[in-house]
Protein chains: 2
Amino acid sequence: MGAKHPVRTTEKTLAVVEELRQRGRCGVTELASNLDMGKSGVHNHLTTLQEHGYVLKRGDEYQLGLKFLEVGGYVRKSMEFYQVAEPEVKALADETGELANLLVEEQGMGVYLMRSKGEDAVDLDTYAGMRAYLHTTALGKAILAYLPESRVDEIVDRHGLERETPKSIGTREELSDALDDVRERGYAIDDGERLAGLRCLAAPVKASSGEVLGAISVSAPASRVSDEDLHGELPERVLSAANVVELNINY
Amino acid sequence: MGAKHPVRTTEKTLAVVEELRQRGRCGVTELASNLDMGKSGVHNHLTTLQEHGYVLKRGDEYQLGLKFLEVGGYVRKSMEFYQVAEPEVKALADETGELANLLVEEQGMGVYLMRSKGEDAVDLDTYAGMRAYLHTTALGKAILAYLPESRVDEIVDRHGLERETPKSIGTREELSDALDDVRERGYAIDDGERLAGLRCLAAPVKASSGEVLGAISVSAPASRVSDEDLHGELPERVLSAANVVELNINY
DNA sequence: ACTCGGCGTTCTCTAGACCAGAACGCTTAT
DNA sequence: ATAAGCGTTCTGGTCTAGAGAACGCCGAGT
């Protein structure tokens, strides 16, 4: 549902921010023409944002500043779940040598809170703050499997089930089956569903109330993860990390 | 200099964001009374921000969402300096076992791009995105020492030289002396200036043009850093990390 | 040297948005 | 029952946002 009385000026500001983010450094005219706004209006928004650190001027082009990271970093740091999970995810990365990730759900999307690279980790284009559809990653499936069914329906209604690759989930039935599997095993697997050749294993973190707080995963190239690993040592490690977080978060 | 034609509505939106950040989760009435705005106005801003993911509603209280981290994380990821320096800072943390940091200057302030904890690292309350006055940290001094003098004056004029502790820099003369020392040694030291008992050593990273891109540091408790360390092995390691970044960034 | 095109910026003016304040429905405390 | 206080909705008057035109500047083309 849209806001009843949206502040249109704020929406324009956010549109400027979004456009500036997509284009990276650029000028007033370029922004204005792509936003269907006059140059003066765009200019006013930019200087206002600049005044508050959200936008920088370099020469006579504009770009987004690090204020967003300041606010976002503060929000993340304030999350108890992040504080508790961060060292465990790092430890998991060091221990396995692979890429370990931490994801939470927000407004029906997955948000990566952090990623930690082990010694041999693949270099994916994920980054802290990045969003992903929940049904397309092991992390997301681990979360969906432990959300109330009504919530899952809401999320699917809102964001759909677009396939990212031919192997990924694309229908409600496939999703339902996949979530059953996750609940049976206690962890989620992504075998090339998001990126060919990439295997990923994720475990949910639940509060004592049963509510899902997020999920922890390890991503590695298929060449280094045998089928036995995928159902043997690797899940043990990821589940153990998730379990430690669960214990620490409930004091 | 303030914006010539500020967008007042945007400024109100940003004020709402800032207030919400400081208070954490809270209600419309509380925000409105502290912002000198009517409840309806605050409500309109909040629902608009919510619509775009910048704000979340939990029950009938509001809080900041992870959209800020998404935008900020994207901005950070897009910085070449971060991409190149990130693995080196991580390596430095692993190697020393202490806390390693990466800082850049923006609008006269220092912004932490990341921190990486080694095995024995102290747990400071810094976080990615956090700002600090440049004159109060070794990282900041390492940057100031290699900025043009006119730029340093500008920054001091704008942000002053407030002392954070009795040991820290508080006058232009002290700053000037400190920056001379940095240039002589090639690295900056903070011996309890920011936090009693904490020693910190930082090296600048410069582009081939001579421009300072940022600085890399290691922070450790004084009990683990002898005076010899402070002028022996530790600077070597930090300087070496900075040097690797310099080499990699100039292709 | 001069012009021209295009940039970021400034100015003016009015159509239209913002939002204080009042009113509403709801929950909780008394 | 009642009241107090919350988030939300609604409306009208005030003030602002921003299109469009004009400006100063710079670099390219002639």
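The analysis underlying the following values was restricted to heavy atoms, covering all of them including side chains, and did not include hydrogens, waters or symmetry mates. In the text below, chain A, chain B and the rest are named by the order of the sequence lines, each starting its count at 1.
Checked against the 6.0 Å centroid threshold, Y54(A) and F68(A) count as a close aromatic pair.
With salt bridges taken as basic N to acidic carboxylate O contacts below 4.0 Å, none links K12(B) and D36(B). Under a 4.0 Å N-O distance rule, the pair R23(A)/E19(A) qualifies as a salt bridge. The existence of a salt bridge linking E18(B) and R21(B) is confirmed by a sub-4.0 Å separation between a basic side-chain nitrogen and an acidic carboxylate oxygen. Taking the charged nitrogens against the carboxylate oxygens, E154(B) and R151(B) do have a contact shorter than 4.0 Å, which makes a salt bridge. Under a 4.0 Å N-O distance rule, the pair R131(A)/E106(A) qualifies as a salt bridge.
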Output a table of donor-acceptor pairs, distance under 3.5 Å, between side-chain atoms of residues 78-89 of chain B and any protein atom two or more places apart or on a different chain; print 'none' if there are none.
unit_1	atom_1	unit_2	atom_2	d
S78(B)	OG	Y74(B)	O	2.7
E80(B)	OE2	Y251(B)	OH	3.3
Q83(B)	NE2	K77(B)	O	2.6

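We find that NE2 of H5(B) is positioned 13 Å from P of dG18(D), with the value rounded to whole Å. In this structure, L46(A) places its CG atom 15 Å from P of dA17(D), rounding to the nearest Å. Whole-Å rounding puts the K4(B) NZ to dA17(D) P distance at 17 Å. The CG-P distance, from L31(A) to dG18(D), rounds to 14 Å in whole Å. Rounded to whole Å, the distance from CG on N44(B) to P on dG7(D) is 14 Å. Between the C1' atom of dT16(D) and the NZ atom of K12(A) lies a distance of 12 Å, rounded to the nearest Å. Spacing between atom CD of E51(B) and atom P of dT8(D) amounts to 13 Å, rounded to whole angstrom units. Look at CD on E11(B): it is 15 Å from C1' on dC18(C), rounded to the nearest Å.
Between T47(A) and T10(A), the residue anchored closer to the 5' end of DNA chain C is T47(A), taking for each the nucleotide with the nearest heavy atom. If G59(B) and G41(A) are placed on DNA chain D by their nearest nucleotide, the residue sitting closer to the 5' end is G59(B).
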Please report the C-alpha distance between Y62(A) and R25(A) in whole Å, then the side-chain angles of each, then the deciding distance to 0.1 Å, and finally whether the side-chain contact (heavy atoms from CB on, under 4.5 Å) criterion is met. CA-CA 5 Å; Y62(A) 291 88; R25(A) 194 184 306 187; over 6 Å; no
Go through H45(B) and M37(B) one step at a time and tell me if the side-chain contact (heavy atoms from CB on, under 4.5 Å) criterion holds. CA-CA 11 Å; H45(B) 283 268; M37(B) 291 176 62; 4.0 Å; yes
Please list, pair by pair, any protein nitrogen or oxygen found under 3.5 Å from a nitrogen or oxygen in nucleotides 6-8 of chain C.
unit_1	atom_1	unit_2	atom_2	d
dG8(C)	OP1	V28(A)	N	2.8
dG8(C)	OP2	T29(A)	N	2.9
dG8(C)	OP2	T29(A)	OG1	2.4
dG8(C)	N7	K39(A)	NZ	3.2

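Note on V42(B): nothing from the nucleic acid sits closer than 4.0 angstrom, heavy atoms only. Within 4.0 Å of S40(A), counting heavy atoms only, lies at least one base atom of the nucleic acid.
A donor-acceptor pair under 3.5 Å links the side-chain atoms of H135(B) to the main chain of E162(B), judged by distance alone.
Distance from the side chain of R8(B) is smallest to dT16(D) among dT16(D), dT9(D), dT10(C). Considering only the side chain of M37(B), dA20(C) comes nearest among dC10(D), dC11(C), dA20(C).
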How does protein reach along nucleotides 25-30 of chain C, written 5' to 3' as B (base within reach of a heavy atom under 4.0 Å), S (only sugar-phosphate), or - (no contact)? ------
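At least one side-chain nitrogen or oxygen of T9(B) sits closer than 4.0 Å to the OP1 or OP2 atom of dA17(D).
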